[in-house]
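For reference, the structure discussed in these notes is given below.
For clarity, every value in this text was computed on a predicted model and none was experimentally measured. Chain naming here is simple, since letters A, B, ... match the order of the sequence lines and numbering starts at 1 in each. The figures that follow rest on heavy atoms only: side chains count, while hydrogens, waters and symmetry mates do not.
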Amino acid sequence: LKALFNELEFRTLAKRVFNEPEDGQLTLFEEPAEEVEKAELRTIRNTQHEYLVADTSDKIKEVVEQLLQAQEFCFDTETTGTDANNCELVGLSFAVKPHHAWYIPCPPDYNQTLEILQILKPAFDNPGILKVGQNMKFDLTVLHYYDIHPAGPFFDTMLAHYVLEPEQRHNMDYLARVYLNYEPVSIESLIGQKGGRQGNMRDVELSLIKEYAAEDADITLQLKHKLSSLLPEAGAEKLFNEIEMPLMPVLTSMEIQGVKIDVENLQQFSRDLEKDLFSIENEIYQLAGERFNIASPRQLGIILFEKLKIDDKPKLTATKQYATGEDVLEKLSGRHPIVEKILDYRELMKLKSTYVDTLPQMINPRTGRIHTSYNQAVTSTGRLSSTNPNLQNIPVRTERGREIRKAFIPRNPDYILLAADYSQIELRIIAHLSGDQAMQDAFRFGFDIHAATAAKIFKVPIEEVTREQRRAAKSVNFGIVYGISAFGLSQNIGISKKEAQLIIDEYFRQYPGIKTYMEKSIATARERGYVETIMGRRRYLPDINSVNANMRGFAERNAINAPIQGSAADMIKIAMINIHRELRNRNLNSWMVLQVHDELVFDVKRTEMDVVKPLVKEMMTNALPLSIPVEVDINTGENWLEAH
DNA sequence: GCGATCACGTA
DNA sequence: GTACGTGATCGCT
């Protein structure tokens, strides 16, 4: 079994967009403070502490007494694995004051563990006590399966650090090092290295697991005190207390609910795909005159550009291989019939390997459903991300991709799916933040925004806008959200950089407030070192003053995009909190199950639809009122595709 | 077995 | 041009 916590690595590896160096120059906002000498770190060996085992019901009752007298307590669970929806509780640790903690072991027998938890329940249930933890969604999920549903308020140190420093890491070892100059006992010292089959927490000797687990609760409590004092000065208290903390138990509920998948349908689809892939594969070998691994970009590049020579000046990747990405092949599709076959092959292979064959394997044996894991502390803008599996990138664009959405179904025949999504939310947020009169008018009049933009930049009546003009205008509108460049736009719609620049210039003439707003965002980033969302979520941009034009440009586009993407994230998070509260207060049997950035999906009891649908629409529409209308499209269906 | 690379799915 | 996560390949350990 694997390491015990998601705490260990939350961030996907920092992806360097630019190949360093920046002349080794430290910018104004870099913080070398985090590079603490390892030798100086304190550890459990040279730090006074009192970690006690409570392994009888009398001792556990004494612990509960202490917890009930405290204003706050920190707790942590030890488990047999990292999948909170499918692991067993091995023990719990508690702390109410620094350098002091208890460890309560839990036996493998489920009923015996239930009895232990019943003794602890009054402490978890008490809404007058603040519960502190690190990545508490994990612990709440584990406890859910033992009939423990802790009452807020909560203080999650991972989320506190996320609102303070969204682009840093948030695992406990890192926080302990930076804020406490302390190096906790490593999990590897208990259950072994990650690579070779890792041991099970269940098999760790009590004296060892006690030190490890109690230390976790102790350190987390100490971190809480450090971090809570930093929140006010960062202007992050409201964001933390009113959005991220209340959202945490909402995500816990969504993950526990999960979503049902139609396995038979996917298995049939897999057989269809296999058949089609086999024939496309053979057509490709025919056209290439040899067999090779089509899934290997390197081998494919050699076939296309050295054997078939379909381009005399092939584009190369960063590592000097032939580029064979979709955009490249699309442009070459007239040169040789093999190109289209490759694109078909890629599409079907992607669907089969990433979704059709994988999703059924992800069904939880306990529940028969799929439980994604939402990461609330990974993106630099405030969005959520989804893993194991990622349910935020289920296909929808192509005909065959949509087959996969059809496999997301209600939990049983008494239920039906409801999908609600914000319409053009990011553009509406720009219209709101910029105050641009023309764009605000377009939304107030309820125009098709891309057609309205096309009418303006191509100077034709809105009824006479061609499909091509609308498509171009749509690209420009998207480009605006991302911090447009003439090069980017030209690549996207296949025109010259010069033509793209003319379109952008005209766009800014028609929407002057947008241009001013973009310049203002960049200026704010230069002056303050950060930009922020409507709810005050900050993104720090140290590279905004970089001498490297690439890095500076990237920071400038982030200065434009982060408040827009992030404000949309603020809005849907508020909606989620309010909707969840209403559903639960009314004791309804309908559940929020998915979030895809601007969309929420619900598993709704058919008899409750008359209540749930208007409730969802109202809560989403009014979550974060803008100076222009917010629109929500909402639909029901027997599967996700139908509801969308 | 791990990590880099490439490609590609979503908003 | 923004933000993510996953799968296959391939070279290295």
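At the heavy-atom level, A:Val596 lies under 4.0 Å from the strands shown only through sugar-phosphate atoms. Across all strands shown, A:Gly325 has heavy atoms under 4.0 Å from sugar-phosphate atoms exclusively, and none from any base. Residue-level contact check: A:Ile394 touches the backbone only, with heavy atoms under 4.0 Å from sugar-phosphate atoms and none from bases. A:Ala562 comes within 4.0 angstrom of nothing in the nucleic acid, heavy atoms only. Across all strands, A:Ser475 comes closer than 4.0 Å to base atoms (heavy-atom distances). A:Asn492 comes within 4.0 angstrom of a nucleotide base, judged by non-hydrogen atoms across all strands.
Partners of A:Phe269 according to the ring-ring contact (aromatic ring centres under 6.0 Å, His included) rule, which considers only residues two or more places apart in sequence or in another chain, do not exist here. Partners of A:Tyr482 according to the ring-ring contact (aromatic ring centres under 6.0 Å, His included) rule, which considers only residues two or more places apart in sequence or in another chain, do not exist here. Residues meeting the side chain to side chain contact (heavy atoms under 4.5 Å, CB included) test with A:Thr516, sequence neighbours left out: none. In this structure, A:Tyr422 has no ring-ring contact (aromatic ring centres under 6.0 Å, His included) partners at least two apart in sequence or on a different chain.
Side chain of A:Arg539, nearest nucleotide from B:dC6, C:dA3, B:dA11: C:dA3.
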Assign a letter to each nucleotide of nucleotides 8-13 of chain C from its 5' end: B, base within under 4.0 Å of a protein heavy atom; S, sugar-phosphate only; -, no contact.
SSSS--
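In this structure, A:Gln321 atom CD and B:dA7 atom C1' are separated by 11 Å, rounded to whole Å. At whole-Å resolution of the value, CG in A:Asn375 and P in C:dC4 are 11 Å apart. Atom CD1 in A:Ile522 sits roughly 14 Å away from atom C1' in C:dT2 (whole-Å rounding). If you take CG of A:Asn477 and C1' of C:dG1, they are 14 Å apart, rounded to a whole angstrom. The distance from atom CZ of A:Arg397 to atom P of B:dT10 is 5 Å, rounded to the nearest whole Å. Atom CD in A:Glu599 sits roughly 22 Å away from atom P in C:dA3 (whole-Å rounding). The nearest whole Å value for the distance from the CG atom in A:Asp421 to the P atom in B:dT10 is 15 Å. Between the P atom of B:dA7 and the CD atom of A:Glu330 lies a distance of 14 Å, rounded to the nearest Å.
Looking at A:Lys515 and A:Asp436, no side-chain N of the basic residue comes within less than 4.0 Å of a carboxylate O on the acidic one, giving no salt bridge.
For the side-chain hydrogen bond (donor to acceptor under 3.5 Å, both in side chains) with A:Arg539, the qualifying choice from A:Asn558, A:Thr381, A:Asn561, A:Thr533 is A:Asn558, the only one to do so.
Put simply, A:Thr379 has no side-chain N or O that comes within less than 4.0 Å of OP1 or OP2 on C:dA3. In terms of phosphate contacts, A:Thr324 brings a side-chain nitrogen or oxygen within less than 4.0 Å of OP1 or OP2 of B:dA7. At the phosphate of C:dT2, OP1 or OP2 sits under 4.0 Å from a side-chain N or O atom of A:Arg557. The phosphate of B:dC8 (OP1 or OP2) has no side-chain N or O of A:Thr398 nearer than 4.0 angstrom. A:Ser385 has a side-chain polar atom (N or O) that falls below the 4.0 Å cut-off from OP1 or OP2 of C:dG5.
Side-chain atoms of A:Asn393 come within donor-acceptor range of the base of B:dG9, with a qualifying N/O pair under 3.5 Å. Side-chain atoms of A:Gln565 come within donor-acceptor range of the base of C:dT2, with a qualifying N/O pair under 3.5 Å.
Ring planes of A:Phe305 and A:Tyr322: tilted class, angle from 30 to 60°.
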Give every donor-acceptor pair under 3.5 Å between a side-chain atom in residues 393-401 of chain A and any protein atom, sequence neighbours left out.
{"unit_1": "A:Asn393", "atom_1": "ND2", "unit_2": "A:Tyr355", "atom_2": "OH", "d": "3.4"}
{"unit_1": "A:Thr398", "atom_1": "OG1", "unit_2": "A:Glu347", "atom_2": "OE2", "d": "3.0"}
{"unit_1": "A:Thr398", "atom_1": "OG1", "unit_2": "A:Gly401", "atom_2": "N", "d": "3.1"}
{"unit_1": "A:Glu399", "atom_1": "OE1", "unit_2": "A:Arg402", "atom_2": "NH2", "d": "3.2"}
{"unit_1": "A:Arg400", "atom_1": "NH1", "unit_2": "A:Asp276", "atom_2": "OD2", "d": "3.2"}
{"unit_1": "A:Arg400", "atom_1": "NH2", "unit_2": "A:Asp276", "atom_2": "OD2", "d": "2.5"}

